[in-house]
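To start, the structure under review is shown below, and the notes come after it.
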Amino acid sequence: GQQVMQIPQYQHVQEGEDFTTYCNSSTTLSNIQWYKQRPGGHPVFLIQLVKSGEVKKQKRLTFQFGEAKKNSSLHITATQTTDVGTYFCAETYGQNFVFGPGTRLSVLP
Amino acid sequence: DGGITQSPKYLFRKEGQNVTLSCEQNLNHDAMYWYRQDPGQGLRLIYYSQIVNDFQKGDIAEGYSVSREKKESFPLTVTSAQKNPTAFYLCATSRTGGNSPLHFGNGTRLTVT
């Protein structure tokens with residue numbers, strides 16, 4: 001079946017540092033969605049990317065979709081303790097969703 | 001999400017017992033999903049349903065069963081055949097069409113001893 005990989009698995013940063021997680025696939029992705037799951041919580045939808053090369057921003061978060069639609073990234077500028085959690089990418093095609101394993105972010109105050 | 005209710009939040013069962021996890025939604029979404037999440041792991045699809053009275057197996061359906069008799073409800077039964085049932089179970093819904101995002105419930109943490 002289709003697989004979506006994410007790196008790194010874990011990332012520890014000092015508050016104020018930047019953070020980036022990458023989502024990769026060996027096949028062309030139709031769409032990419034990003035979710036955030038706080039510790040003990042449930043995943044919450046952040047954004048969807050559809051077009052090749054698309055870039056979207058949400059305050060300190062920047063999402064990119066690769067030109068070949070085989071990868072995506074989420075970049076957080078100047079992390080805060082509220083950014084702690086696990087970030088998942090998910091490929092969507094129709095009503096199906098394939099999730100990456102997630103990147104767990106820890107932010108040290 | 002406020003529109004999806006999973007109960008209970010914590011559930012404890014003895015090995016060999018079947019247990020049913022509840023998922024109710026008032027978002028009027030057609031599609032409903034069940035995911036399993038193990039500690040430090042991603043989400044694995046158990047079952048999904050796109051319409052009432054119809055559902056499909058996901059990647060790890062063995063040892064689980066579902067029903068979709070009403071649009072609002074998609075209960076998951078963890079049977080005694082499931083070898084490692086202890087996990088965090090998440091129910092989700094989405095609108096059909098247009099790659100709509102998933103809305104998740106708060107989850108049920110099942111512990112089987």
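Values below: all heavy atoms of this structure, side chains included; hydrogens, waters and symmetry mates excluded. Each chain gets a letter, A, B and so on, in the order the sequences are listed, and its residues count up from 1.
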Cluster overlap B:F104 with B:F88, hydrophobic side-chain contacts below 4.5 Å: yes

Check: A:P43 and B:L90 side chains under 4.5 Å, non-hydrogen atoms: yes

Transitive ILVMFWY side-chain link A:F63 to A:Y87, under 4.5 Å: yes

Contact leader toward chain A among B:Y33, B:Y35, B:Y48, where contacts are heavy-atom pairs under 4.5 Å: B:Y33

Exceeds 12 heavy-atom contacts within 6.0 angstrom, atom CD of A:Q14: yes

Interchain contact, B:Q50 with chain A, by part (heavy-atom threshold 4.5 Å): side chain

ILVMFWY cluster, B:F55 and B:I60 together (side-chain gap under 4.5 Å): yes

B:Q56, CD: over 12 other non-hydrogen atoms inside 6.0 angstrom: yes

4.5 Å side-chain heavy-atom contact, B:Q37 and A:Q37: yes

Spacing of NE2 belonging to A:H42 relative to SG belonging to B:C91, to within rounding of 0.5 Å: 11.5 Å

Closest-packed option against chain B by number of heavy-atom pairs under 4.5 Å, given A:F97, A:Y10, A:F99, A:F45: A:F97

Flag if over 12 foreign heavy atoms under 6.0 Å of CG, A:L108: yes

Flag if over 12 foreign heavy atoms under 6.0 Å of OH, A:Y22: no

Any side-chain heavy-atom pair of B:L43 and A:Y35 under 4.5 Å: no

Most chain A-contacting option - heavy-atom pairs closer than 4.5 Å, from B:G42, B:A92, B:G107, B:P101: B:P101

Atom pair OG1 (A:T92) and CG (B:L102), whose distance is rounded to the nearest 0.5 Å: 9.0 Å

